[in-house]
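First up is the structure itself, then whatever we jot down about it.
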Amino acid sequence: MSSNGPFNTTLPNYRSQPQLLEGQAALVTGANSGIGRAVAIGLARAGARVAVNWVVGEEAANDVVAAIEKEGGKAVAVYADVSKEDDVAAMFKTAIEALGTIDILVPNAGLQRDAKVTDMTLAEWQKVMDVNLTGQFLCIREAVKEFDRRGVKQEVSVAAGKIICMSSVHEVIPWAGHINYAASKGGIQMMMKSLAQELAPRRIRVNAIGPGAIRTPINTDAWNTPEAYDKLMELVPYNRIGEPEDIAQAAIFLASDMADYITGVTLFVDGGMTCYPGFAEGG
Ligand code: BGC
């Protein structure tokens, strides 16, 4: 069996979908690889102009821009270390100048620094918090300023702005050996819900996506051999790994007016990982 698993994971033809985000501008952080890349391309296919953030890997960000432009979309690569206040402010300035405004923010940049608790350094703990949690806060703060400034433009969207935090199944599933990562994602959940409560009166919707095991560079070891893939599938009732495009589809939906009455929720896109498959025959 190949590491693609037993099933054909050919996904639907996403190009034929309606232009749900026509006329909108989006900023996606960590958009030069993995889930961020797919989300940037997906939002562009749905009609959005996209700012493609990168911190390491400028060439990969330029590739994403080129891929979007090749399909007739508009995109711009924007640098920022999302954990740095000044970088984030400068990135929003550049993105807004290039795209006119920002209607959709996908704070997606994230990383893992895994270690058992007694081996975990303060630097490993702090780095994950800085990028995964503080980075989202800093980007959200700038985006909300722009949403408030612009307000609702009915012809573009019935909301003043949409924020889609990239969380994880580990905002609810404990993860031994990854306490920094799990704590950052648990933090994202409560930040997202509290923001949704604060911003709903201003017509700003705040939601999250909780990806399960998605085929990206962050978790290569979990899927790139047949043995690892089989072990992973014990955690995935739907019995296939997720593809980055699975996450992009959810992002398009949550960003669009189809989801206008949805705020303060995490949409898990995980093939059932949060259904705790260990209990299918146990408990
Ligand atoms: C992590 C991956 C992991 C997945 C499922 C994600 O949030 O980044 O490394 O495979 O959760 O456990």
Side-chain angles (χ1 to χ4, degrees), residues 3-5 9 28-39 53 55-57 82-83 106-117 119-120 124-136 164-192 207-251 254 265-280:
S3 59
N4 282 333
T9 58
V28 183
T29 67
N32 55 338
S33 82
I35 288 174
R37 176 191 160 91
V39 168
N53 160 256
V55 61
V56 188
V82 295
S83 68
V106 185
N108 160 82
L111 44 77
Q112 290 180 213
R113 292 287 182 273
D114 310 327
K116 298 288 181 202
V117 61
D119 297 329
M120 187 174 287
E124 286 167 337
W125 170 269
Q126 199 62 56
K127 179 78 179 170
V128 171
M129 289 299 163
D130 286 350
V131 174
N132 295 14
L133 188 55
T134 306
Q136 291 206 5
I164 302 157
C165 301
M166 203 53 68
S167 184
S168 165
V169 291
H170 298 297
E171 73 167 44
V172 291
I173 301 180
W175 206 16
H178 306 77
I179 57 167
N180 47 0
Y181 184 84
S184 75
K185 296 300 182 177
I188 287 169
Q189 184 199 47
M190 281 312 287
M191 177 174 67
M192 176 276 290
N207 292 291
I209 296 175
I214 309 298
R215 192 197 306 274
T216 72
I218 209 172
N219 61 354
T220 311
D221 292 348
W223 52 262
N224 74 345
T225 64
E227 297 74 32
Y229 190 92
D230 286 350
K231 190 151 184 283
L232 183 63
M233 286 309 105
E234 289 171 19
L235 301 173
V236 184
Y238 206 60
N239 220 6
R240 75 163 170 88
I241 194 168
E243 302 296 340
E245 290 75 16
D246 288 312
I247 307 303
Q249 289 301 97
L254 287 174
V265 305
T266 297
L267 176 54
F268 290 106
V269 183
D270 66 351
M273 197 174 238
T274 41
C275 298
Y276 296 92
F279 281 85

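Keep in mind that this is a model prediction, so the values were computed, not measured. Counting convention: from 1, in listed order, for ligands and their atoms alike. Because only heavy atoms are used, hydrogens play no part in the values below, and waters and symmetry mates are left out as well, while side chains stay in.
Among residues two or more places apart in sequence or in another chain, the side chain to side chain donor-acceptor pair (under 3.5 Å) test is passed with Thr29 by none. The side chain to side chain donor-acceptor pair (under 3.5 Å) check on Asn32 picks up nothing, with sequence neighbours excluded. Looking at residues two or more places apart in sequence or on another chain, you find no side chain to side chain donor-acceptor pair (under 3.5 Å) involving Thr216.
Relative ring orientation between Trp175 and His178 is described as parallel, the plane-to-plane angle staying below 30° on a 0-90° scale split at 30° and 60°.
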Enumerate the pairs of nitrogen or oxygen atoms, one from ligand 1 and one from the protein, separated by less than 3.5 angstrom; state names and distance to 0.1 Å.
| from | atom 1 | to | atom 2 | distance (Å) |
| --- | --- | --- | --- | --- |
| ligand 1 | 7 (O) | Ser168 | OG | 2.7 |
| ligand 1 | 7 (O) | Tyr181 | OH | 2.6 |
| ligand 1 | 8 (O) | Gln112 | OE1 | 2.6 |
| ligand 1 | 8 (O) | Tyr181 | OH | 2.9 |
| ligand 1 | 9 (O) | Gln112 | OE1 | 2.6 |
| ligand 1 | 10 (O) | Asn219 | ND2 | 3.3 |
| ligand 1 | 12 (O) | His170 | NE2 | 2.7 |

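Between Ile241 atom CD1 and Met233 atom CE the span is 5.5 Å, to the nearest 0.5 Å. Interatomic distance, Lys127 NZ to Asn180 CG, rounded to the nearest 0.5 Å: 12.5 Å.
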